[in-house]
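Worksheet for the structure shown next.
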Amino acid sequence: MHIFEFIRPSDQAAAIATAAESKTAQQGADVRFMGGGTTLIDLMKLNVETPERVLDINRLPLGKIEAMSDGGLKIGATVRNSDLANHPKVQKDYAVLSQAILNGASAQIRNMATVGGNLLQRTRCVYFRDTAMPCNKREPGSGCPAITGHNRTLAILGTSDHCIATNPSDMCVAMAALEATIHVQSPKGPRAIPFGDFHLLPGNTPHRETVLEPGDLITHVTLPPPIVGSKQLYLKLRDRASYEFALSSAAVVLTIAGGSITRAGIALGGVGTKPWRSPEAEAELTGKPANEATFRSAAEAALRNGKPQSENKFKIELAKRCLTYALRTTAAS
Ligand SMILES: Cc1cc2nc3c(=O)[nH]c(=O)nc-3n(C[C@H](O)[C@H](O)[C@H](O)COP(=O)(O)OP(=O)(O)OC[C@H]3O[C@@H](n4cnc5c(N)ncnc54)[C@H](O)[C@@H]3O)c2cc1C
Ligand code: SF4
């Protein structure tokens with residue numbers, strides 16, 4: 001039986017203490033916080049998630065978007081995806097983030113989904129969502145049928161012999177390129193986690209997806225001050241035009257001066273086991289002329305370590321073309 005509890009605004013510390021009693025904050029957690037519930041409730045209906053207690057955090061004072069004194073932006077964990085995407089400062093200074101969110105899910109889901117929940121959304125691998133099948137992520141040690149089965153939509157970067165599931169988030173790809181920081185409150189106090197350190201590669205523990213521990217409540221995300229003069233774009237390629245996850249996507253933040261790229265933030269979606277920042281592409285771009293040869297060599301560098309599965313070899317070239325096109329379009333904008 002699942003017990004749902006509304007957490008009152010003054011009861012954040014008590015909710016954290018309750019969640020800290022959970023044996024894990026990863027797959028199999030017996031206490032879960034709930035934001036919009038658009039991932040959690042789905043997975044509870046499928047018996048993939050079976051928490052004993054669900055703590056509804058929507059009444060906590062975590063729903064604001066605020067300018068910070070250093071010029072950056074503080075985004076509360078229960079801010080709805082729609083509100084974040086449509087915030088004037090996000091549209092103006094962090095356009096890649098607004099575009100990424102608006103490319104995800106549907107208007108109705110974005111109206112419910114929260115920032116904290118989006119950071120922790122689970123893979124769409126069909127075996128993970130089907131309890132009749134083995135899955136190392138759901139049941140450690142049971143096997144990974146995707147490796148020899150249906151893997152067309154799964155990852156080509158960051159995979160292991162134990163799991164090849166794709167991280168499905170669009171928002172996270174933009175946050176990786178923007179170098180966001182995730183802020184967590186635990187019974188031991190607050191801590192700040194650089195975006196690139198938050199999600200884990202599957203390795204031989206694919207059931208561990210993030211660095212979160214029992215009792216960790218995501219309170220907010222911060223974005224660094226806007227990069228003056230930067231051009232930004234999120235490009236998403238998918239099987240249909242809306243309400244579909246990425247086969248490949250690219251978040252691009254470029255600064256160009258005198259025809260040369262002076263700064264690049266690049267991340268890929270739909271191809272990695274985590275939101276995939278590409279330092280290889282960034283190094284290939286920085287200091288180089290903003291032209292087609294540079295863009296293509298950045299895309300080659302980003303996919304150099306790509307390892308296709310039986311059904312998704314096409315993703316290597318798709319991801320290269322996605323990034324090249326995104327770079328060309330951004331530079332020309
Ligand atoms: C049909 C459909 C299509 C979709 N298409 C896309 C798409 O194209 N692109 C895309 O990016 N996403 C897509 N999504 C996923 C959607 O973006 C996520 O479901 C949503 O962002 C999750 O947010 P939530 O607030 O509803 O999370 P919840 O379901 O409330 O929570 C998700 C997880 O996060 C945990 N959690 C929530 N808040 C906190 C917190 N503050 N601290 C610690 N833990 C927390 C919960 O315990 C749970 O484990 C789709 C979803 C559906 C159902
Ligand atoms: S790819 Fe990962 S999530 Fe999918 S079946 Fe294999 S272990 Fe499970």
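The basis for the numbers below is simple: all heavy atoms, side chains too, and nothing from hydrogens, waters or symmetry mates. Throughout, residue positions are numbered sequentially from 1 according to the sequence presented. Model, not experiment: these values are computed from the prediction. As the structure lists them, so they are numbered: ligands from 1, and atoms in each ligand from 1.
Counting heavy atoms closer than 4.0 Å to ligand 1, residue Arg122 contributes nothing at all. At a 4.0 Å heavy-atom cut-off, ligand 1 does not touch Leu119 at all. Residue contacts with ligand 1, taken as heavy atom pairs separated by less than 4.0 Å, do not involve His220 at all. At a heavy-atom distance under 4.0 Å, only backbone atoms of Pro168 (N, CA, C or O) approach ligand 1.
A donor-acceptor pair is defined here as one N or O able to donate and one able to accept, closer than 3.5 Å; such a pair exists between the side chain of Thr273 and the backbone of Gly158.
Asn118 and Cys172 get closest at one heavy-atom pair: O-SG, 4.0 Å. For the residue pair His199 and Leu119, the shortest heavy atom distance occurs at NE2-O, 2.9 Å.
Among all protein heavy atoms, the one lying closest to atom 42 (N) of ligand 1 is Ile218 N, 2.9 Å. At the shortest separation from atom 50 (C) of ligand 1 among protein heavy atoms lies Phe245 CZ, 3.5 Å. Residue, atom and distance of the protein heavy atom nearest to atom 2 (C) of ligand 1 are Ile109 CD1, 3.4 Å. The protein atom (non-hydrogen) at minimum distance from atom 36 (N) of ligand 1 is Leu120 CD1, 3.8 Å. Of all protein heavy atoms, the one lying nearest to atom 47 (O) of ligand 1 is Phe33 O, 2.5 Å. When hydrogens are left out, the protein atom nearest atom 27 (O) of ligand 1 is Gly117 CA, 3.2 Å; that is the closest non-hydrogen contact. Taking atom 25 (O) of ligand 1 as the reference point, the nearest protein heavy-atom neighbour is Thr114 OG1, 2.6 Å.
More than 12 non-hydrogen atoms from other residues, nucleotides or ligands lie less than 6.0 angstrom from CG of Asp197. More than 12 heavy-atom neighbours from other residues, nucleotides or ligands sit within 6.0 angstrom of NZ on Lys89. Within a 6.0 Å radius of CZ in Arg124, other residues, nucleotides and ligands contribute more than 12 heavy atoms. For Arg238, the CZ atom counts as densely surrounded, since its 6.0 Å shell holds more than 12 non-hydrogen atoms of other residues, nucleotides or ligands.
Note that CG of Asn136 and CD of Gln27 are 11.5 Å apart. Values are rounded to the nearest 0.5 Å. Atoms NE2 and CD1, from His87 and Ile65 in turn, are 4.5 Å apart once rounded to the nearest 0.5 Å. Atoms SG and CZ, from Cys163 and Phe128 in turn, are 9.0 Å apart once rounded to the nearest 0.5 Å. One finds the CZ atom of Arg110 at 8.5 Å from the CG atom of Asn81 (value rounded to the nearest 0.5 Å).
The residue from Met34, Arg32, Gln121 that puts a heavy atom closest to atom 16 (C) of ligand 1 is Gln121. Which of Thr38, Val173, Ile16 comes nearest to atom 20 (C) of ligand 1 through a heavy atom is settled by distance: it is Thr38. When the options Ile57, Val54, Val184 are ranked by their closest heavy atom to atom 39 (C) of ligand 1, first place goes to Ile57.
At a 3.5 angstrom cut-off on N or O pairs, Asp170 counts as close to ligand 1. The N/O atoms of Leu212, backbone and side chain alike, include none that comes under 3.5 Å of an N/O atom in ligand 1. Between Gly37 and ligand 1, a contact under 3.5 Å exists for at least one N or O pair. The distance criterion of under 3.5 Å between nitrogen or oxygen atoms is not met by Asn103 with respect to ligand 1. For the pair Glu49 and ligand 1, the shortest N or O to N or O distance does not fall below 3.5 Å. Looking at Asp42 next to ligand 1, no N or O pair under 3.5 Å apart turns up. For the pair Leu40 and ligand 1, the shortest N or O to N or O distance falls below 3.5 Å. At under 3.5 Å, a nitrogen or oxygen of Gly35, whether backbone or side chain, sits near a nitrogen or oxygen of ligand 1.
Atoms of ligand 1 lying under 4.0 Å from at least one heavy atom of Ala113, given by number and element, are 20 (C), 21 (O), 23 (O), 24 (P), 25 (O), 26 (O). Counting the atoms of ligand 1 from 1 in the order shown, those under 4.0 Å from a heavy atom of Ser169 are 11 (O). Short contacts between ligand 1 and Ala105, defined as distances under 4.0 Å to a heavy atom of the residue, involve ligand atoms 4 (C), 5 (N), 6 (C), 7 (C), 8 (O), 9 (N), 13 (C), 14 (N), 50 (C). Atoms of ligand 1 lying under 4.0 Å from any heavy atom of Gly36, numbered from 1 in the order shown and given with element: 24 (P), 25 (O), 26 (O), 30 (O). Listed by number with element, the atoms of ligand 1 under 4.0 angstrom from any heavy atom of Glu244 are 8 (O). Less than 4.0 angstrom separates some heavy atom of Gly104 from each of these atoms of ligand 1: 7 (C), 8 (O), 9 (N).
Cation-pi geometry between Arg59 and Phe6 is satisfied (NZ or CZ under 6.0 Å from the ring centre, within 45° of the ring normal).
For His162, the heavy-atom gap to ligand 2 drops under 4.0 angstrom.
Asp170 and Tyr234 share a donor-acceptor pair across their side chains, judged by distance under 3.5 Å alone.
Residues His183 and Ile218 form no side-chain contact, since every pair of their non-hydrogen atoms from C-beta on lies 4.5 Å or further apart.
Shown are the protein N/O/S atoms under 2.8 Å from atom 4 (Fe) of ligand 2, given by residue and atom: Cys125 SG.
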Show, in sequence, the C-alpha distance, side-chain angles and deciding distance for Lys236 and Glu244, and conclude whether the salt bridge (Lys or Arg N to Asp or Glu O under 4.0 Å) test is met.
CA-CA 10 Å; Lys236 178 175 178 179; Glu244 184 56 279; over 6 Å; no
